[in-house]
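Working notes, beginning with the structure itself.
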Amino acid sequence: MFTVSDVSSLDSRQPAFRIFKPWWDIFMDYLTIIMLMVSIFGSSTQLYLDDTSCLPNLDQDTSGFRRERSSIQNLPDLDVAPDENDKNIVHSSDGRSTSLHYWQNQYINQVCQSDGIPWFTRFAGYVILFHTTSLIICSNFCFTYPRTSSKVEQFIDILQKCFQSPWTNKALAMAVYKDTNELEDALDTQRSIESSLNNTISPQPSSLKLQQSTSFQAPISTLDKKDAEQAKALFEKVRQFRLHVEEKDTIYKCYVGQNLLKALQCITIISYMPPFVHAVKFDNLCEPNAKLLVGYWTFNCTYSTSRFIKKILLFFLFLVVTYGLLCIHTLLWVFRNKLKQYTFEKRGDSSPFTDIPVVKNDFAFLLHLIDQYDTLYCLRFGVFLSEVSEKKLRMLTLNHDWTVERTRQRMIKNNKDQIELHLFMVSGIPESVYDVTELQVLRLELCNDMNIGTKINQLSHLEEIWILHCVVIVSPLALMWLRNQLKKVGVKYLDRDEIPEWIYKLTKLQELYLTGKMSIENKFVELESMKSLRSLKVLYLKSNISKIPPSITDVAYHLVRFCIHNDKTKLLNYHIVKKMVNLTQLELHNCELDKIPSLIAALPKLQLLDLKGNNLSKIDDVANLQYMEKLNCLKFWFNMIRIIPSNITLIKSLKYLYLSHNLIEVLPNVLFTIEDLHYLDVKNNSITLIPDGIAKLVNLKFLDVSSNKIEKLPEALYKCTKLQTLKLNYNLITSLSKSISNLSQLSQLELLGNYMEKLPVEIAQCSLLTLSGLIVDPNILELLTPEVKLLTQSPTPVRFNSFIE
């Protein structure tokens with residue numbers, strides 16, 4: 001016989017696999033254990049206690065008596081006395097002898113046990129052992145088949161680490177704390193709204209009240225660095241496992257297939273076994289065909305274990321029926337439910353993380369199986385599926401790394417003397433940022449999970465936010481503070497979704513800079529309504545638009561500066577510009593314009609017109625601008641202009657003229673009749689000569705003729721005594737006149753890339769010119785005379801600033 005320990009070893013599966021077995025699978029496992037014990041017990045009984053006893057059937061055998069007499073007559077006369085101890089001599093009631101020798105009786109018992117007893121009766125224990133083994137194999141096929149067991153083992157390993165990770169309990173605690181804070185914030189907001197109502201109306205108490213006795217404390221915001229790194233690795237491991245398992249539904253098909261096979265086996269057993277069970281009898285008739293050997297045709301045989309075998313078979317059938325019903329229940333559960341999809345939203349309040357997307361295929365099926373075992377498993381595993389949870393972990397790590405000291409070290413002063421902090425490729429805004437209250441400019445570039453909370457109101461000096469290729473979410477309470485605080489916002493985006501909607505609600509915003517494509521595959525991306533931007537003065541669009549967005553009409557009247565930097569896309573419709581009656585600066589860069597737009601003349605307050613990078617070959621239509629009394633700056637740089645028209649003198653208020661990077665060969669004398677001209681930039685052209693008429697520009701302060709073909713400077717140039725900046729780089733100049741000493745206001749002189757060998761000594765008389773403002777080739781610096789070397793380096797040179805940088 002087998003011991004209980006021997007039997008239990010056959011069911012030695014890894015205990016961790018039980019989490020993938022619902023209650024019906026566990027019940028079926030116990031049924032298979034009982035079946036296995038019954039089959040082993042029955043097989044052992046038949047193996048050791050199986051016995052058959054047979055006696056001649058004299059009522060059916062009529063030739064027995066004749067055989068006896070004939071055999072006695074034919075026997076030889078032997079002097080052998082009968083054995084008195086022969087116990088096989090039987091005397092019938094009618095006086096006939098039924099004598100069988102011992103060896104004959106043993107032979108008949110063996111033959112009849114083999115031929116007279118039905119095969120099912122003799123092998124019943126082994127049959128139920130075979131069926132039981134088959135059911136056990138089918139029940140555990142998922143855990144042995146390589147394509148399924150490997151995934152299950154990985155899932156168990158990950159799940160165990162999820163339970164052991166310190167981040168699991170911390171994330172659940174933080175989720176509960178966050179929900180409580182949100183409820184408190186909602187109540188505070190409701191109370192503030194109620195208090196702002198009419199004082200004569202007494203506010204009704206809120207129906208939602210937190211119990212005073214209930215206190216929620218914030219969980220510890222720190223996490224051991226090693227634990228945090230392990231949690232990050234676990235998030236990545238879960239993500240990769242999910243991508244791998246969601247590809248196919250192998251486990252689902254295997255589970256359904258094995259249950260169908262088990263149900264089919266149960267139906268087969270129930271179908272064929274009852275007739276065989278009914279045929280198990282204690283008394284059996286046997287015809288061994290051994291008449292010549294023993295003298296009898298038929299025998300009555302008794303099977304000693306028949307009653308026991310029959311009871312075992314009936315009990316086994318009962319177990320199979322129960323097992324089959326459970327298989328049917330399993331199949332109904334599989335086919336009536338969408339087990340190839342799993343969502344955490346159905347849990348309602350039981351799951352603190354509802355942001356987990358719907359999972360599919362084998363990954364969803366495994367979660368359904370675990371859900372049947374214990375919902376706590378899915379709850380804890382969901383911590384590492386949630387992006388919210390991962391963001392919180394990254395924030396804890398970020399706050400641990402970004403101390404207040406480190407944040408202050410990263411702050412700089414920009415060219416406008418503002419305190420600026422640049423956050424590059426970080427996951428969230430560190431809490432320490434809110435502690436540097438002197439911050440004025442916040443620049444966010446390629447960052448993830450940027451959420452601005454109510455702590456932003458601590459940055460009382462914050463005026464600018466620049467968002468570069470990242471999505472920033474602002475809470476409602478933070479937006480209420482930002483709308484009255486921010487003065488400038490810049491957004492650089494690749495996708496329309498990166499433009500935050502909250503920027504259109506900043507009522508005190510004065511400058512808005514948008515950089516990115518607004519036309520994708522001939523589909524124009526509309527901007528949101530700008531009606532709330534009542535204080536907007538500057539709007540900058542660097543994009544590829546063919547028409548100005550209609551929503552800009554909402555702020556057209558308020559704009560002072562409007563800039564479109566197009567990506568070599570022809571601007572066809574710009575009639576909205578006529579509505580910008582208060583505009584002082586208009587920039588239309590790279591808009592493929594071939595003439596100066598006539599509607600510009602309808603802007604009475606315009607001071608600067610910038611048409612950089614267009615297709616202007618001539619600017620004769622500049623005469624249309626003669627009645628614009630405040631227009632004092634024209635920028636026609638980076639075009640294809642060859643001739644400066646004479647009617648440019650009609651613009652009486654012109655002070656700044658940019659004509660660099662064109663095809664100009666000659667500077668006309670009429671240009672020098674603009675006596676109020678302060679700034680002239682004609683670099684990167686093909687000019688060979690500066691006319692003597694330049695002496696008429698008595699107010700000229702800035703002159704740039706770099707990258708031309710000028711060989712000699714006229715003496716008339718040195719009569720521009722107010723000149724502060726003179727740039728002569730990359731020409732063909734060989735020398736400077738001694739008259740340079742007349743330029744007493746000169747503070748910057750550039751002579752790189754010419755053919756000069758030395759500087760005149762008189763240059764030392766330019767009192768405002770220092771070595772820092774003198775830019776020449778290195779060989780000239782080495783040959784400076786002692787007088788020139790006496791130029792002090794201590795004063796800061798006075799540089800002429802252009803109209804707009």
Side-chain angles (χ1 to χ4, degrees), residues 568 587-597 600 608-626 631-697 699-717 719-720 723 725-733 750-755 800 802-804:
K568 288 297 180 179
E587 298 179 15
L588 301 176
H589 290 187
N590 300 313
C591 295
E592 297 294 304
L593 301 177
D594 52 8
K595 63 179 181 178
I596 300 174
I600 294 177
L608 179 146
L609 176 61
D610 189 351
L611 299 180
K612 176 183 177 181
N614 287 282
N615 296 330
L616 300 178
S617 59
K618 57 182 179 178
I619 52 174
D620 294 338
D621 46 359
V622 74
N624 298 331
L625 309 177
Q626 59 180 314
L631 183 62
N632 57 19
C633 180
L634 291 176
K635 292 188 175 184
F636 297 138
W637 45 354
F638 292 90
N639 280 279
M640 297 178 291
I641 301 173
R642 295 181 177 275
I643 299 175
I644 300 176
S646 59
N647 55 11
I648 197 172
T649 58
L650 297 176
I651 305 177
K652 301 299 183 179
S653 58
L654 186 61
K655 294 182 179 181
Y656 307 91
L657 181 59
Y658 293 73
L659 292 170
S660 64
H661 298 84
N662 279 282
L663 304 176
I664 300 173
E665 297 180 356
V666 177
L667 292 177
N669 287 320
V670 69
L671 177 64
F672 306 123
T673 60
I674 308 175
E675 296 181 356
D676 203 23
L677 192 64
H678 287 61
Y679 188 106
L680 180 59
D681 183 0
V682 288
K683 64 176 176 288
N684 285 93
N685 281 280
S686 300
I687 300 173
T688 59
L689 178 66
I690 298 179
D692 293 335
I694 196 172
K696 297 178 181 180
L697 300 179
N699 293 312
L700 188 64
K701 298 179 180 180
F702 182 98
L703 176 62
D704 189 353
V705 291
S706 301
S707 300
N708 281 282
K709 302 176 182 180
I710 300 174
E711 297 181 359
K712 186 178 179 180
L713 296 178
E715 288 292 329
L717 175 63
K719 294 181 180 180
C720 301
L723 199 61
T725 301
L726 179 59
K727 295 185 179 182
L728 305 170
N729 300 319
Y730 303 104
N731 279 281
L732 306 176
I733 302 173
E750 298 184 8
L751 295 167
L752 282 175
N754 284 281
Y755 297 95
F800 183 79
S802 63
F803 186 87
I804 179 171

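Just so you know, these numbers come straight off a predicted model, no measurement behind them. Sequential numbering from 1 along the given sequence is applied to the chain's residues.
Side-chain N or O atoms of N624 include none that pairs as donor or acceptor with a backbone N or O of V622 at under 3.5 Å. The closest donor-acceptor contact from the side chain of D620 to the backbone of P645 lies at 3.5 Å or more, if one exists at all. No side-chain donor-acceptor contact under 3.5 Å links S707 to the backbone of N684. Proximity of a side-chain donor or acceptor of S653 to a complementary backbone N or O of L631 within less than 3.5 Å is detected. Not a single donor-acceptor pair under 3.5 Å links the side chain of D681 to the backbone N or O of L659. Proximity of a side-chain donor or acceptor of D676 to a complementary backbone N or O of K655 within less than 3.5 Å is not detected. Without hydrogens or angle criteria, D692 side chain to A716 main chain gives no donor-acceptor distance under 3.5 Å. Listed for the N754 side chain is a donor-acceptor partner under 3.5 Å among the backbone atoms of L728. Side chain of N639 to main chain of L611: a donor-acceptor pair is present (N/O by atom type, distance under 3.5 Å, no hydrogens or angles). At distances below 3.5 Å, at least one donor-acceptor pair connects side-chain atoms of N614 with backbone N or O atoms of C591.
For K568, the NZ atom counts as densely surrounded, since its 6.0 Å shell holds more than 12 non-hydrogen atoms of other residues, nucleotides or ligands. At most 12 heavy atoms of other shown residues, nucleotides or ligands fall within 6.0 angstrom of atom NZ in K696.
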Side chain to side chain contact (heavy atoms under 4.5 Å, CB included) evaluation trace for L625 with L634: CA-CA 10 Å; L625 309 177; L634 291 176; 4.2 Å; yes

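Below 30°, between 30° and 60°, or above 60°: for H589 and W637 the angle between ring planes is above 60°, a perpendicular geometry.
Pairing each heavy atom of D594 with each of L616, the nearest pair is C-CD2, 3.5 Å.
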